[in-house]
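Below is one structure, written out as structure tokens; comments come after it.
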Amino acid sequence: MSQTVLIADLHLSEHTPALNTLFEGCLKQWQGQIDALYILGDFFDAWVGDDDDSDFIRHIKTMLADFARHTPLYIMHGNRDFLLGADFAAATGATLLPERTQITLYGQPYVLVHGDELCTDDLAYQQFRLQSRHPQWQAAMLAKPLAERRVLAAQIRQMSESRKSAEGKSEIADATEAGVLALMQAYAATPMPTLIHGHTHRPAVHQHQLNGRPFTRHVLQDWHGHSGGYLTINAEDGVQSHLLSA
Ligand code: MN
């Protein structure tokens, strides 16, 4: 059966061998068998620039390039891998998606985002997001030597980890109703598109209304430890959730 697969928040790195193997198995299974693979951000736990030539990055790039020779591959930036650029896309055959992407699949409209823009109560993060997505900020970052960028990325990761463990999974890091409606205002139509995102690590299906028009929001499963998950979309069943474990 013809279907499209969506994943997000794999947070792959050289420190996640079990997840890397799990993902490699998925790619082999999906290659040539699905219509397209959409990765909705934070595929990598960190991305310091397309010139990163570590063994891990080279291996992943080869895997993605093999896959993309047979099956269309789309990647969106997350808040960890927002520096993925044109050289990465050229090396893998992946298409980089804009941070808000509207598509039609099997006759139904969808809006795809990473999800960090929906967490509107996290003011400190939204400020960092604005700054870090600015072309000048990114150019200044990418102009630093690779070794220095690796140190910076480790520091940013550590900050984010200690903040996470201090707050737990507090309300502040979840998508807000206001954030969801503000985004979907830009896509108001009858019928409303279905919203799909990751980032919050709170996989679920939510129902919303915008000015009386109902719509559904799917939150993707994050990958951690030895397990992950993905969504499929096809003509018969619409959006379906699947769990994976190593
Ligand atoms: Mn994220």
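Ligands are counted one by one from 1 in listed order, and the atoms in each one are counted from 1 as well.
Side-chain contact between H11 and F44: absent, with no pair of heavy atoms (C-beta onward) separated by less than 4.5 Å.
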Please walk me through it: do T190 and R213 pass side-chain contact (heavy atoms from CB on, under 4.5 Å)?
CA-CA 7 Å; T190 307; R213 295 176 174 127; 3.1 Å; yes

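Classification of D53 and R58 as a salt-bridged pair fails, no side-chain N sitting under 4.0 Å from a carboxylate O.
Centred on the Mn ion (ligand 1), the NE2 atom of H114 and the OD1 atom of N79 lie at an angle of 90°, reported to 10°.
Using the six-membered ring where Trp is involved, H208 and F215 have ring planes that are parallel, under 30° apart on the 30 and 60° scheme.
At a cut-off of 2.8 Å, D42 is counted among the residues with an N, O or S atom near the Mn ion (ligand 1).
The Mn ion (ligand 1) lies closest to atom ND1 when only the N/O/S atoms of H199 are considered.
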